[in-house]
Amino acid sequence: MIEDILLKALKKIGIEADFVEVEFPRHEALGDISTPLAMLLAKKLRKNPSAIADSIIAAIDEPEIFNSIEKAGAGFINFRFKPSYLCAELKKLYSEGTDYLRPNIGKGKKIQIEFVSANPTGPLHLGHGRGAALGAAVANLLSAAGYSVEREFYVNDAGRQVKLLGESVFARYKAITNTPCDFPQDGYRGDYVDELAGEIYKAQGEKFSHANFDEASEYFIDCAYKAMLAEIKKDLSDFGVEFDRWQSEKELFKDGTVTKSIDALRDKGFIYEQDGAVWFKATAFGDEKDRVLIKTDGQYTYFASDIAYHVLKLNRGFDELINIWGADHHGYIPRIRAVIKAAGGDDNKLVVLLVQMVMLLRGGVPVQMSKRAGEYVTLRDIIKDVGRDITRFIFLTRRPDSQLEFDMEAVKQESPENPVYYIQYAYARINSVFEKAQERQIPISFDSATDLTGLSAPEELQLIKKLIFYPTTFLNAVRTREPHRITFYLQELAGLFHPFYYKHRILDEEETLTLARLMLCACVKIVIGEGLNILGVSTPDKM
RNA sequence: GCCCCCUUAGCUCAGUAGGAUAGAGCACAUGAUUCCUAAUCAUGGGGCCGCAAGUUCGAAUCUUGCAGGGGGCACCA
């Protein structure tokens, strides 16, 4: 990679750096690839950028790679590759495949990524889908970069919300058995609650018809949240999102993790009692107020088990803990950081990626959702109506921290021209070319001796340059934990492939050129396949 | 009142460890298929980067203030 060459040159002139920025110049006439490095160093070294650029250029000795290296503008260094170098890199890409595309910067470091973690009290909605798409893509990204990644879903199966769900189902059950009781305030009113009650009635008959909730609670809560969790698992699986581990909150209470981690904090003096409640001294670690762990009624707060959960994760030896949260939880970050610091951990290990709200529209009109009335569009509805690939792609075309409008009509109307199809179509097209090649019995075999000198048209050279730039884009995406960089790269790559395809024949040329173009196509297919896999979007052979 | 995110083309959005003349898709207009997939390609119009000041060789990007939109400030989860 060109980054390595630059780093080597910097070292030669006595500058230590671990990252250099490389980009495509704004206009192709300026060069093939470019770096603003000299300008960035100018401030640090207190020298003028032009002089720094000169010394960097002088320190690069790679006649095999570059046709020219020029200083331009305010201090850019622009490089032009030798065609022979581009061809050699293309062959490397082809033969090394993912080894070429995935520079290993993770080196086996352990990262855990916790995402979705929706309460098992109802079906997933679109916002969960956004978290799921992002989390899965970030996990794929990190794992491709050589990190050892664990995907975890934290199940809130203890506490008030699942109890409320059980109570709601119980009330519906009682209605079926004609022994009505009051529906809980703030209870869950979706159709699924009635369905659950119906199923329980089918299985248990009148067994609980004269019970009150306290007598039946364990059964109803258990039944209800487990059914919902199964639904959630199925929805995620249909969305193409898998987890390695499901951590139960209830287990943390059962096995003593909660009391143990609170005791540990108490030993360090960060726990105190006041007004009949037990508090954590979060203000000692930068939070704006202390937080309650055990309420005056003796109940643990959600935060108590969250302490246990994060301490447990820390102790499991991860180098980094990524949490993907809805933006409405942002106020929660300081107290979790406080917990980690109080427990003696390094809070830099915690990386919280906030996902902003999704506004669901239908033909420009906001879709009203009311959890109370049980009216809302579920993720499952969206997958069925819009499709999985489009849905995931849309989420990964936006920065996570900006609000997103998801218009079900617009997204579908765009359909034939949809960017996701544009990319997939390039993939399918290439596949079809290879099928045709096989039909025509063109002997397809590439190796290091394949003659690529015929690839000289601007469309071909641009494609090659884009292809061998993939690792740079990939590393930037990994570094920032931003999969959408891959999305935009793929659109650009497909945007170079289609014009190439339109302008040039692949199979009707003389054999050397045909083979060269086939090899180019093969590489485009490899890179698009790699990128779409990371995004979790399918790679159809035919469209 | 305090805190966080957002504001870029008609629409949806990229671009921010400060860099060259600010990009893409959609929509709109015109044109291209006897030929490997037209879900494609070519050409065109489109912009006080919310407003104002500051930092400097240079600001969509950093700082401050203001305006608009969203979210958060519980012994709820």
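Per chain, numbering begins at 1; letters A, B, ... match sequence-line order.
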Is [N] paired to anything, Watson-Crick or G-U wobble with both distances less than 3.5 Å, and if yes, which nucleotide?
N	answer
B/U33	none
B/U55	none
B/G18	none
B/U7	B/A67
B/U12	B/A24

Go through [options] for me and flag the one nearest to the [X] side chain.
X	options	result
A/Ser34	B/A20, B/A14, B/G71	B/A20
A/Arg398	B/A38, B/C13, B/C41	B/C13
A/Pro25	B/G71, B/C36, B/A20	B/A20
A/His498	B/C36, B/G70, B/U40	B/U40
A/Ala72	B/G72, B/A20, B/A32	B/A20
A/His330	B/C6, B/C3, B/A22	B/C3
A/Thr296	B/C75, B/A77, B/U37	B/C75
A/Gln403	B/C5, B/A77, B/U37	B/C5
A/Tyr332	B/A39, B/A77, B/C75	B/A77
A/His27	B/A24, B/C75, B/U21	B/U21

ask   = Does A/Lys341 pair with A/Asp287 as a salt bridge, N-O distance under 4.0 Å?
value =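 Judged by the 4.0 Å cut-off on N to carboxylate O distance, A/Lys341 and A/Asp287 do not form a salt bridge.
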
A/Lys436 and A/Asp508 ion-paired at < 4.0 Å =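 So A/Lys436 does not pair with A/Asp508 through a salt bridge.
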
Atom [atom1] of [X] and atom [atom2] of [N]: how far apart are they, to the nearest Å?
X	N	atom1	atom2	value
A/Asn418	B/A24	CG	P	18 Å
A/His329	B/A74	NE2	P	14 Å
A/Ile430	B/A39	CD1	P	16 Å
A/Tyr489	B/G15	OH	P	17 Å
A/Asp401	B/A14	CG	C1'	13 Å
A/Glu28	B/A20	CD	C1'	15 Å
A/Asp389	B/A39	CG	P	18 Å

query = With side chains defined as the heavy atoms from C-beta onward, is the minimum distance between A/Lys313 and A/Tyr154 less than 4.5 Å?
reply =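 Result no, sub-4.5 Å side-chain heavy-atom pair not found.
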
task = Would you check if A/Ile2 and A/Phe66 make a side-chain contact, meaning some heavy-atom pair closer than 4.5 Å?
result =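 When only atoms from C-beta onward are counted, A/Phe66 and A/Ile2 do touch, with a gap below 4.5 Å.
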
Can you tell me if the side-chain N/O atoms of [X] get under 4.0 Å from OP1 or OP2 in [N]?
X	N	value
A/Lys289	B/C73	no
A/Tyr422	B/C41	yes
A/Thr397	B/A24	no
A/Arg429	B/A38	yes
A/His484	B/G15	yes
A/Arg399	B/C6	yes

[N] and [M]: how far apart are their [atom1] atoms, nearest whole angstrom?
N	M	atom1	result
B/C13	B/A52	C1'	26 Å
B/G25	B/G15	C1'	15 Å
B/G10	B/G46	C1'	9 Å
B/G58	B/U21	P	14 Å
B/U64	B/C2	P	14 Å
B/U56	B/C49	P	23 Å
B/U8	B/A24	C1'	12 Å
B/U34	B/A39	C1'	22 Å

request  = Applying side-chain contact (heavy atoms from CB on, under 4.5 Å), run through A/Leu41 and A/Leu10 and close with a yes or a no.
outcome  = CA-CA 11 Å; A/Leu41 286 170; A/Leu10 286 181; 3.8 Å; yes

ask   = So, A/Glu459 versus A/His504: side-chain donor-acceptor pair below 3.5 Å or not?
value =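 Yes, A/His504 and A/Glu459 have a side-chain donor paired with an acceptor closer than 3.5 Å.
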
query = A/Gln247 and A/Glu114: side-chain donor and acceptor closer than 3.5 Å?
reply =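 Side chains of A/Gln247 and A/Glu114: no pair found under 3.5 Å.
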
query = Which residues within residues 534-543 of chain A lie with some heavy atom under 4.0 Å of an atom in RNA chain B?
reply =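 Those residues are A/Asp541, A/Lys542, A/Met543.
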
query = Mind checking what makes side-chain hydrogen bond (donor to acceptor under 3.5 Å, both in side chains) contact with A/Arg26, not counting sequence neighbours?
reply =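 If we apply the side-chain hydrogen bond (donor to acceptor under 3.5 Å, both in side chains) test to A/Arg26, skipping adjacent residues, there are no hits.
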
ask   = Is the distance between the ring centroids of A/Phe115 and A/Phe153 under 6.0 Å?
value =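 No, the ring centres sit 6.0 Å or more apart.
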
ask   = If you take atom types as modelled and just measure distance, does the side chain of A/Thr301 reach the base of B/A74 with a donor-acceptor pair under 3.5 Å?
value =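 Not at all, since no donor on one side and acceptor on the other fall under 3.5 Å apart.
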
key: No-H, no-angle donor-acceptor pair, A/Asn78 side chain to B/A20 base, under 3.5 Å   =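 Under the 3.5 Å cut-off, the side chain and the base do form a donor-acceptor pair.
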
ask   = Within 45° of the axis and under 6.0 Å from the centre of the six-membered ring of A/Phe24, does NZ or CZ of A/Lys466 qualify?
value =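 The answer is yes; both the distance and angle limits are met.
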
request  = Using the closest heavy atom to pick a nucleotide of RNA chain B for each, name whichever of A/Glu405 or A/Met39 lands nearer the 5' end.
outcome  =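 Taking each residue's closest nucleotide, the earlier one in sequence belongs to A/Glu405.
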
Contact nearer the 5' end of RNA chain B, comparing A/Pro499 with A/Ser402 =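 Nearer the 5' end of the strand: A/Ser402.
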
Across the strands shown, which category fits [X] at heavy-atom distances under 4.0 angstrom: base, sugar-phosphate, nothing?
X	answer
A/Phe303	nothing
A/Ala410	nothing
A/Glu288	sugar-phosphate
A/Tyr421	base
A/Leu293	nothing
A/Asp275	base

query = Under 30°, 30 to 60°, or over 60°: which ring-plane class applies to A/His498 and A/Tyr425, parallel, tilted or perpendicular?
reply =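 Ring orientation of A/His498 relative to A/Tyr425: parallel.
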
Test ring-ring contact (aromatic ring centres under 6.0 Å, His included) applied to A/Tyr489 and A/Tyr470, step by step = CA-CA 8 Å; A/Tyr489 171 91; A/Tyr470 178 86; 5.3 Å; yes

